[in-house]
Number of protein chains: 2
Amino acid sequence: MFKRAKQSRVFQDVVDQIQEAILTKKLAPGTRLPAERDLKEMFNTSRGTLREALRVLEQKGLIEIKLGVAGGAIVKQIDTDPLMESLALLIQSGEVSLEHLSEFRIKIEGSLVELATERASPKDIEELERLQARARHCYDIQDWESFLKTDEAMHTYIGTMTRNPVFQFVQKSIHDNIHRYYQDFLPMNRERTLENLQDFDKIITAMKSKNGAAASAIITDHVQRFHDKMTGKRP
Amino acid sequence: MFKRAKQSRVFQDVVDQIQEAILTKKLAPGTRLPAERDLKEMFNTSRGTLREALRVLEQKGLIEIKLGVAGGAIVKQIDTDPLMESLALLIQSGEVSLEHLSEFRIKIEGSLVELATERASPKDIEELERLQARARHCYDIQDWESFLKTDEAMHTYIGTMTRNPVFQFVQKSIHDNIHRYYQDFLPMNRERTLENLQDFDKIITAMKSKNGAAASAIITDHVQRFHDKMTGKRP
DNA sequence: AAGAACAAAATGGTTTAACCATTAGGATTA
DNA sequence: TAATCCTAATGGTTAAACCATTTTGTTCTT
């Protein structure tokens with residue numbers, strides 16, 4: 001029925017107060033908080049306790065701490081980095097496997113591409129073609145590592161095109177984490193890379209003609225093939 | 001080209017060492033770390049610095065700290081709570097809106113229900129029917145708050161049925177966050193609640209006959225209607 | 001005047017030693 | 001036997017000092 005009353009953790013109270021101020025924009029991104037020695041006076045606490053609070057806020061991605069004179073705690077623009085770090089922990093701990101991620105991709109990436117197609121601006125298409133050209137160059141000089149990076153950038157950019165930060169986070173974190181362990185499971189070679197290039201050619205073509213359904217179908221198949229290779233159904 | 005060399009932050013080194021030990025299962029969940037006064041000796045550091053490290057690990061969700069004798073830092077089973085907290089921060093900061101979340105739901109929840117249908121065990125269906133009965137009871141006594149909680153529990157349970165932690169996290173975090181701000185946008189009433197009940201009746205029926213496509217279609221429509229109401233397209 | 005070298009000061013990072021608050025478990029008592 | 005109290009281990013907090021880094025201004029050299 002009731003929750004246990006708040007334990008007396010002074011630093012938690014400091015965290016809450018500063019977090020509240022940041023979330024309600026009383027402290028805008030870029031703002032520099034007072035020095036630790038001043039903050040400790042304001043909160044009527046010791047410097048050690050205050051620093052524990054700052055450590056927590058830093059870990060949450062709400063502030064960034066710089067050294068030296070003119071240094072201090074600076075309010076950060078909130079981003080998805082802490083989210084991605086948490087996901088990486090789940091993967092590294094084995095709680096989430098690459099197969100799990102890959103299965104999720106199969107279900108989501110088609111919808112994502114469809115949305116991106118609907119909302120694509122001419123500039124977006126240009127950027128995709130620029131990335132695709134770079135990928136082709138990497139293929140030509142057989143630089144698989146750079147190819148993978150470009151591939152990741154393309155997927156991530158398609159996420160951006162949805163104009164929806166949830167999709168953007170999903171896309172970024174999936175590909176960031178998949179690529180981090182890619183080599184262990186599925187080393188790139190000439191054949192796979194070429195297949196990848198051709199798929200993206202088709203996707204960009206479909207996007208240009210605003211054919212979201214087609215683009216979705218192509219990438220879903222693309223992802224499905226990747227999943228099958230990884231899980232060894234078609235080794 | 002190069003990253004700046006690691007800054008001398010002793011507590012970060014302590015964090016890394018303990019995190020490494022946890023992720024590689026050298027420290028299993030449930031294990032109790034030595035007392036702070038002992039750890040500080042092992043790492044050859046001061047207690048303050050050590051505590052900053054513990055604070056970070058606690059924030060990451062890797063350990064839990066208990067008070068009193070026989071207390072201390074206990075290795076936690078990693079879960080999705082830190083991920084959900086990060087998402088909540090993004091929402092509270094306005095970086096992600098409920099409309100963004102809702103749009104994401106429309107695209108994903110159909111696939112999720114389809115997967116859940118494929119993998120549903122008889123026990124799962126029983127559990128869903130139990131929850132549905134509870135929801136009906138809440139409807140009968142017009143307890144909208146409990147109804148919402150039960151509704152959230154059903155969605156979350158369907159996530160569990162996918163047997164894929166990624167879907168589980170997505171479902172949990174979406175509904176946890178949507179319901180947190182539900183009342184502000186869309187207060188429940190007799191009509192909406194009844195509609196909700198009927199939709200779930202259909203979904204469970206479709207699941208029982210292993211008709212994933214039908215279940216998917218029903219919930220997608222359900223979510224779409226919710227989204228339209230919230231964004232005011234059909235007020 | 002321009003640039004290089006140096007010095008000063010502010011700030012975060014760390015250390016030490018002490019005391020307070022909480023809690024499990026044993027000792028005591030009714 | 002059961003309730004109560006005491007003890008000791010452990011996390012939480014405080015205080016004062018010193019170290020390390022970095023910006024900024026000053027001085028010296030050419």
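For clarity, every value in this text was computed on a predicted model and none was experimentally measured.
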Student: Expressed as a whole number of angstroms, how long is the span from B/Ile63:CD1 to D/dT10:P?
Tutor: 16 Å
Student: Of the candidate nucleotides C/dT14, D/dT13, D/dG11, which contains the atom at the shortest distance from the side chain of A/Arg47?
Tutor: C/dT14
Student: Could you tell me the separation between the CD1 atom of A/Ile74 and the C1' atom of C/dT11, rounded to a whole number of Å?
Tutor: 11 Å
Student: Quiz question: going by heavy-atom distance under 3.5 Å, is there a donor-acceptor pair between the base of D/dG11 and the side chain of B/Arg37?
Tutor: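 For B/Arg37, whose side chain was compared with the base of D/dG11, there is a donor-acceptor pair (under 3.5 Å).
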Student: Could you state the NZ-C1' distance from B/Lys40 to D/dT13, rounded to the nearest angstrom?
Tutor: 15 Å
Student: Let me know the distance between CG of B/Asp38 and C1' of D/dA9, rounded to the nearest Å.
Tutor: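 B/Asp38 atom CG is separated from D/dA9 atom C1' by 11 Å.
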Student: In whole angstrom, give the distance that lies between atom CG of B/Leu67 and atom P of D/dT13.
Tutor: 9 Å
Student: Which pair of heavy atoms, one from B/Thr162 and one from B/Leu112, lies closest together, and at what distance?
Tutor: CG2-O, 3.7 Å
Student: Atom CZ of A/Arg9 and atom C1' of C/dT22: how far apart are they, to the nearest Å?
Tutor: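 My rounded result for the distance is 13 Å.
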Student: Closer than 4.0 Å, any side-chain N/O of A/Thr49 to the OP1 or OP2 of D/dG12?
Tutor: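 The answer is no; no side-chain N or O of A/Thr49 sits under 4.0 Å from OP1 or OP2.
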Student: Taking for each residue the nucleotide of DNA chain D with the nearest heavy atom, is it A/Gly68 or A/Ser46 whose nucleotide lies nearer the 5' end?
Tutor: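 Its nucleotide being nearer the 5' end, the pick is A/Ser46.
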Student: Do A/Arg134 and A/Phe147 form a cation-pi contact, if we require the NZ or CZ to be under 6.0 Å from the six-membered ring centre and within 45 degrees of the ring's axis?
Tutor: no
Student: With respect to the phosphate group of C/dT14, does any side-chain polar atom (N or O) of B/Thr45 fall under 4.0 Å of OP1 or OP2?
Tutor: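 Looking at the OP1 and OP2 atoms of C/dT14, neither is under 4.0 Å from any side-chain N or O of B/Thr45.
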Student: Output yes when at least one side-chain N/O atom of A/Arg55 is less than 4.0 Å from OP1 or OP2 of C/dG13, else no.
Tutor: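 Checking A/Arg55 against C/dG13: at least one side-chain N or O falls below 4.0 Å of OP1 or OP2.
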Student: Where the side chain of B/Val69 is concerned, which of D/dT23, C/dT23, D/dG11 is the nearest nucleotide?
Tutor: C/dT23
Student: Hey, does the side chain of B/Thr49 reach the backbone of B/Thr45 with a donor-acceptor pair shorter than 3.5 angstrom?
Tutor: no
Student: Nearest whole Å is fine: how far is D/dG12 C1' from A/Leu50 CG?
Tutor: 15 Å
Student: Measure from the side-chain heavy atoms of A/Ile65 and tell me the nearest of C/dT14, C/dA24, C/dG13.
Tutor: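 Among C/dT14, C/dA24, C/dG13, the one nearest the side chain of A/Ile65 is C/dG13.
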Student: Under a 3.5 Å threshold, yes or no: a donor from one side chain and an acceptor from the other, between B/Gln168 and B/Asn164?
Tutor: no
Student: At less than 4.0 Å, is any side-chain N or O atom of A/Arg51 found next to OP1 or OP2 of C/dG13? Yes or no.
Tutor: yes
Student: With a distance cut-off below 6.0 Å to the six-membered ring centre and an angular limit of 45° from the axis, does A/Arg51 pair with A/Phe11 as a cation-pi contact?
Tutor: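 Cation-pi check for A/Arg51 and A/Phe11: fails.
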Student: Return the value, rounded to whole Å, for the distance between atom CG of A/Leu39 and atom P of C/dG12.
Tutor: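 Taking atom P of C/dG12 as the reference, CG of A/Leu39 is at 8 Å.
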